[in-house]
Number of protein chains: 2
Amino acid sequence: MLLSTKGDYGVRAMIDLAKHEGEGPVQRAEIARRRQIPESYLDHLLAQLRRGGFIRSTRGPGGGHELARPADQICLLDLLESLEGSLAPLQCVENPAGGPEAICGQDWVWKEIYDDMRVRLAAVSLADLVEHERDHERELVTSAHYVI
Amino acid sequence: MLLSTKGDYGVRAMIDLAKHEGEGPVQRAEIARRRQIPESYLDHLLAQLRRGGFIRSTRGPGGGHELARPADQICLLDLLESLEGSLAPLQCVENPAGGPEAICGQDWVWKEIYDDMRVRLAAVSLADLVEHERDHERELVTSAHYVI
DNA sequence: ACAATGTTGACCGGATTGGTCGAGAATAGT
DNA sequence: ACTATTCTCGACCAATCCGGTCAACATTGT
Ligand code: FES
Ligand code: FES
């Protein structure tokens, strides 16, 4: 399992914020309910996202959280690396692993996979994810409509 | 970190065995020394590889471990999945995650990445890894030879 | 018989995961 | 000034996983 719930929950929360972009701050409780995340755990994720510069938060009545940048300027790669730390499948893919390289010769395979993965993740923005989700919802609705 | 040391060590050990294919059984102690794996830990990995049908082991003096199939018929995917369990980057990429899908819409991205990864891993055999290692060694030797 | 070697399972300390809880700080409304 | 609302921060916790050790035992060659 490359991603922990941190990454998964974090992205869920961001998608939720992106979906309500421009409607003012969204509250922790709302996000937690809609995306099925324990509210007190969500705290930590929001804190991390805030430190990462992805969201802005405002306190007091009517407060909440909102995207710090437009959804199409936030890519999945930045988001996940901020939440999870490095996504490298192995240690040595990032640290060139000083010692003699003859010990374990599989690094090149993983380097290729890793590079490809990062390119793909960098190409997906939060806006794309929202789009996909909306498509999926529409699909569900229409298929339900025409059944029978 | 998608792979733990189990996968890394396990592949190291297999490469070592592949490199000495046809020379009779290779001992635990030798593998451990050459590939820098704690000997008593290596035990567990060899047991797992044996259960997975990748190696045969013989006891007694002159005993040791050897490949159960030719090195070009063992692919990295089988090996790693046997050692590490599923390599899925997220839970829901394998279990279709019964519930309402609107909760977290990033699965399609990871599904793509995962499929691609598995194809790549399936295309690499143990023999390829040995080849790569030999190339690398030759390269080191010649570059050292022509320096200064 | 004995030495070499593999086989198995119990055990262990430390790190990480996935949270909970509570005290406090900022802000809007009255 | 007071209160209700909401975020903020850090302490704490239980469970699991990771990497590894160790001791007891089984098998085989000489
Ligand atoms: S040490 Fe880098 S792949 Fe094994
Ligand atoms: S639950 Fe599947 S990607 Fe989040």
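What you see is a predicted model; the values in this text were computed from it and never measured.
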S.K.: Do the rings of A:Y41 and A:Y9 sit parallel, tilted or perpendicular, given the 30° and 60° boundaries?
M.R.: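 Judged by the thresholds at 30° and 60°, the geometry between A:Y41 and A:Y9 is perpendicular.
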
S.K.: Let me have a per-nucleotide readout for nucleotides 9-23 of chain C, 5' to 3', with B, S or -, counting only protein heavy atoms under 4.0 Å.
M.R.: BB-------SBB---

S.K.: Quick one: do the B:E84 and B:S4 side chains pair a donor with an acceptor below 3.5 Å?
M.R.: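 Judged by distance alone, the side chains do pair up.
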
S.K.: Where the side chain of B:T142 meets the backbone of B:R138, is there a donor-acceptor pair that is under 3.5 Å apart?
M.R.: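 Checked: pair present.
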
S.K.: Testing the basics here: between A:A88 and A:L2, what is the closest heavy-atom pair and its distance to 0.1 Å?
M.R.: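 Nearest pair, atom of A:A88 first, then A:L2: O-CD1, 4.4 Å.
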
S.K.: Under 4.0 Å between any heavy atoms, over every strand shown, what does A:R50 touch: base, sugar-phosphate, or nothing? Just pick one.
M.R.: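 Sugar-phosphate: the residue A:R50, judged by heavy atoms under 4.0 Å, touches backbone atoms but no base.
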
S.K.: Please list, for nucleotides 24-30 of chain C, all pairs of protein and nucleotide N/O atoms separated by less than 3.5 Å.
M.R.:
unit_1	atom_1	unit_2	atom_2	d
C:dA25	N3	A:R59	NH1	3.2

S.K.: I want to check something: taking the side chain as every heavy atom from C-beta on, are B:K19 and B:R134 in contact at a cut-off of under 4.5 Å?
M.R.: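 Heavy-atom side-chain distance check passes, below 4.5 Å.
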
S.K.: For the pair B:R118 and B:E81, find out whether any cationic side-chain nitrogen is under 4.0 Å from an anionic carboxylate oxygen.
M.R.: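 Counted as a salt bridge, because a side-chain N and a carboxylate O are separated by less than 4.0 Å.
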
S.K.: Rounded off to whole Å, could you give me the CG-to-P distance for the B:L46 and C:dT5 pair?
M.R.: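 Atom-to-atom, B:L46 to C:dT5, this comes out as 15 Å.
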
S.K.: For the pair made of CD in B:Q27 and P in C:dA3, what is the distance, rounded to whole Å?
M.R.: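 Computing the B:Q27:CD to C:dA3:P distance gives 18 Å.
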
S.K.: Ignoring hydrogens, what is the shortest heavy-atom contact between A:H65 and A:S57? Give both atom names and the distance.
M.R.: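 Residues A:H65 and A:S57, closest heavy atoms: ND1-OG, 2.8 Å.
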
S.K.: Any chance the side chains of A:D8 and B:Q91 put a donor and an acceptor closer than 3.5 Å?
M.R.: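 On atom types as modelled, these side chains do not qualify, holding no pair under 3.5 Å.
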
S.K.: From the 5' end of DNA chain D to its 3' end, which nucleotides mark the outer limits of contact with chain B, defined by a 4.0 Å heavy-atom distance cut-off (strictly under)?
M.R.: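 So the contact region on DNA chain D extends D:dG19 to D:dG29.
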
S.K.: To the nearest 10 degrees, how far apart in direction are the end axes of the helix from C:dA1-D:dT30 to C:dT30-D:dA1, each fit to five base pairs?
M.R.: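 Comparing the axis at each end, I get an angle of 10°.
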
S.K.: Is any side-chain heavy atom of A:L17 less than 4.5 Å from a side-chain heavy atom of A:E66?
M.R.: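 Side-chain contact under 4.5 Å: no.
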
S.K.: Identify the two heavy atoms, one from A:A68 and one from A:G53, that lie closest to each other, and give their separation to 0.1 Å.
M.R.: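 What the structure gives for the nearest pair is CB-O, 3.5 Å.
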
S.K.: Report yes or no: is the cationic atom of B:R50 (NZ for Lys, CZ for Arg) closer than 6.0 Å to the six-membered ring centre of B:F54, at no more than 45° off its axis?
M.R.: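 Here B:R50 fails the 6.0 Å and 45° test against B:F54.
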
S.K.: For B:S40, check side-chain hydrogen bond (donor to acceptor under 3.5 Å, both in side chains) against everything at least two apart and list the hits.
M.R.: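 side-chain hydrogen bond (donor to acceptor under 3.5 Å, both in side chains) check on B:S40 returns nothing, list empty.
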
S.K.: What residues form a side-chain hydrogen bond (donor to acceptor under 3.5 Å, both in side chains) with B:E112, not counting sequence neighbours?
M.R.: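 With neighbours one apart ignored, the set is A:R120.
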
